[in-house]
2 protein chains.
Amino acid sequence: MPVNLSAPIASELRPIAGIRIGTAEAGIKKPGRKDLTVFLLDEGAAIASVFTQNRFCAAPVQVAREHLAGTSGIRALVINTGNANAGTGADGLARARRTCAAAAQALGIDAAQVLPYSTGVIMEPLPVERIEAGLPSAIANAAADQWGAAAQAIMTTDTIPKAFSSEVQIGGARVCITGISKGAGMIRPNMATMLGFLATDACVAPALLPQLVRQLAEQSFNRITIDGDTSTNDSFTLMATQRAGNAEITSLESAEGQALVAALGRVARLLAQAIVRDGEGATKFISVRVEGGASSEECRKVAYAIAHSPLVKTAFFASDPNLGRILAAVGYAGIEDLDQTLIDLYLDDVLVAQRGGRNPDYREEDGQRVMQQQEITVRVLLGRGGAQDQVWTCDLSHDYVSINADYRS
Amino acid sequence: MPVNLSAPIASELRPIAGIRIGTAEAGIKKPGRKDLTVFLLDEGAAIASVFTQNRFCAAPVQVAREHLAGTSGIRALVINTGNANAGTGADGLARARRTCAAAAQALGIDAAQVLPYSTGVIMEPLPVERIEAGLPSAIANAAADQWGAAAQAIMTTDTIPKAFSSEVQIGGARVCITGISKGAGMIRPNMATMLGFLATDACVAPALLPQLVRQLAEQSFNRITIDGDTSTNDSFTLMATQRAGNAEITSLESAEGQALVAALGRVARLLAQAIVRDGEGATKFISVRVEGGASSEECRKVAYAIAHSPLVKTAFFASDPNLGRILAAVGYAGIEDLDQTLIDLYLDDVLVAQRGGRNPDYREEDGQRVMQQQEITVRVLLGRGGAQDQVWTCDLSHDYVSINADYRS
């Protein structure tokens, strides 16, 4: 059961002028479910993407990087679930290229204008012939109002599709933003998430997109973790179709640029947090906020140490205010000269530890009350400076173990 | 159920001349179980210890470091379970000092000659008055043949006591070695384990002990992990009572020094591995061996990434050869210039992946066969150089979640 997250209402997802989406049942892993998605971009759309920093990055990630670096405008995205095409060596690369070639042939474009995306089990050969067979049907049913269907078709262990939409006035024009994401395990994005797609019809200088997508990832997908496992296939792609009619944004620091960054950022954070809310086995949504650091890097280190600790995560699952485990995680986060006597710990508004020891006024029932909530903020004050950072995570439950002990069956 | 580990037979544990051990029921957390242990050292014993690198190190760790740095010979160790006295601030330090003072008074020695050790729940005040009340009885029943009782009395979530003994001829004399350890969760020692005590009657220059204990920790306790949580209380203490009658060892590089290092190392590894075999919820014992690295540091990084991955650990629990998860962990271990096309992966003797992709001859049933074993070796060849390293870990099961969701109740 996702934590405070419900399925999107398809009719409320705004189409983005210049983008059509189609889905199909290709039977990649199992028959009877949509597992193939194509995004078709009209000419002139700008696109940028960030990918996993995992050195075992998947074949489609390698091919997509290559194609994005080329000079041909990207016109199509092909996304399959059920197979990650990672850990597949040279043969995997060839199969990713065949996917692009098949889409290119059907659309009358160049293979270098297609970006491939895969997600699913690692180290199994991609059944590319099933993708080739499924592509004509996906392309044939492509339409502008299929964001909800796409959110559904890219799911793996997700229990619920993830899609958000927003509308904002920029430079006198109405700008639409819609995005989808997926992922529920092997989630500790390093540059981007499992799969995230964000699109806007805004007119924005294409040269700004690489910086924009990195900036958005840093405040959304790069701040979530479920199990600390950085995937081989993380990809977060931003598309701008240039159709909204606003005056072209040529600087992200201008008033219009800032408005666009804020509006895109809000949707990106919702998409990223939705992944945590639907994390494998998640029963709680935890915000870990670390303040008073000498740098935001060290705040992030501490936040991730807390968010990755199996002992902290199982305590949240049990609603047990065994909060010394949080102090232990702060202590091993890797800050060499950390002074434990300066550290305060809050659970929501409850001051649990003060100057490194238990707050004398702290009462177990106050901690208990917060631990029983579905949404909890852990706040650590390091007392070392003015920097801060935060990450979002979930608890570790029996269902996480069950899901991952059964994933391939 | 511990993995291939049975309780020690008390009569087979060799006493160490110059060391007596006593235990008592102090009722620190719950009544009716031995939770207080004292080690009494005859004058002239040499001692050295390594402690956790966790910056939230416990009060007893701080006090023990102080006392070891002093000039008074250490004559007693006081160990309590049921309370870690960590995250307890200045008050916790005062309570650790009171523990030492009480033992010193009972024994007619100086408080600075006593080392305190605590293990149990974090951020609760240590009930020092119960320790004071229990000490006379522990001291009164101290005897040389109580190693088995001590192994029992220092347990927390351990399901089985851990003790090993060995005998070796050095310089014509019979040298005895006996050690005990405890710990089953919050185990990713960084310098030492939760609690480990290793003693020998060998004559060895006291000045060599600090180097010797670090060297032993590096090949034993510093190579195990259960959940990646580095404890606040890790302590590994080596005692040499100088009674064996061998000519004093004045160099660890001499033939006699090497023989002692080897014999102590063997027991230290057994003690460390016993902690993993009895890891919380463990059903499998996994050796992760990484070879062909440019440095042993990078081999260790890769080994720990694999050993800490919840996805890898749940796959072992399920006996599911979902081995792409191991490649993913190799990829995010933090080697910047890793080339995935050079990497081979073995599961015991089965070549699973070759040059970064699935070995064409690999058959699922071969992986399945190994995954069903209780003892499994993962071997990763990086193809970057001649360095290697290894760590020992266990799987992640439903019982780990249950144990840690219930720990305080």
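The figures that follow rest on heavy atoms only: side chains count, while hydrogens, waters and symmetry mates do not. What you are looking at is a predicted structure, and each value in this text was computed from that prediction instead of being measured. Order of the sequence lines sets the chain letters (A, B, ...), proteins ahead of strands, with each chain counted from 1.
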Quick one: of B:L338, B:T232, B:D339, who has the most non-hydrogen atom pairs under 4.5 Å with chain A? B:L338
Per-residue tally against chain A (heavy atom, under 4.5 Å) across B:G324, B:G89, B:A90 peaks at B:G324
Is atom CZ of A:R65 surrounded by more than 12 heavy atoms (other residues, nucleotides or ligands) closer than 6.0 Å? yes
Contacting region of B:S397 [heavy-atom separation from chain A under 4.5 Å]: backbone
Shortest non-hydrogen contact from A:N54 toward B:A328: ND2-O, 2.8 Å
Minimum side-chain heavy-atom gap A:R55-B:Q340 below 4.5 Å: no
In terms of heavy-atom pairs under 4.5 Å with chain A, which of B:L311, B:V352, B:I335, B:T88 leads? B:L311
Hey, which of A:G357, A:A59, A:G331 has the most heavy atom pairs under 4.5 Å with chain B? A:G331
Between B:A86 and chain A, with a heavy-atom cut-off of 4.5 Å, which part of the residue counts as in contact: side chain, backbone, both or neither? neither
Apply side chain to side chain contact (heavy atoms under 4.5 Å, CB included) to residues A:V401 and B:V401 and explain how you reach the verdict. CA-CA 8 Å; A:V401 177; B:V401 177; 3.9 Å; yes
So B:H398 and A:H398, do their side chains get closer than 4.5 Å, heavy atoms only? yes
Under 4.5 Å from any heavy atom of chain A - which part of B:Q354: neither
Could you tell me which portion of B:T341 (side chain, backbone, both or neither) has an atom closer than 4.5 angstrom to a non-hydrogen atom of chain A? neither
All heavy atoms of B:A318 vs all of A:A405, minimum pair found to be CB-O, 3.1 Å
Heavy-atom proximity to chain A below 4.5 Å, by part of B:L345: neither
Search all heavy atoms of A:Y400 against all heavy atoms of B:P310 and return the closest pair with its distance. OH-CB, 3.5 Å
Nearest 0.5 angstrom please: A:L327 CG to B:I122 CD1, how far? 7.5 Å
CZ of A:F317 to CG of B:N404, rounded to nearest 0.5 Å, is 11.5 Å
Look at B:L396, B:I343, B:D91 and state which one has the largest set of heavy-atom pairs under 4.5 Å with chain A. B:I343
Against B:S309, only a single residue in A:T230, A:D229, A:D227 fulfils side-chain contact (heavy atoms from CB on, under 4.5 Å); can you say which? A:D229
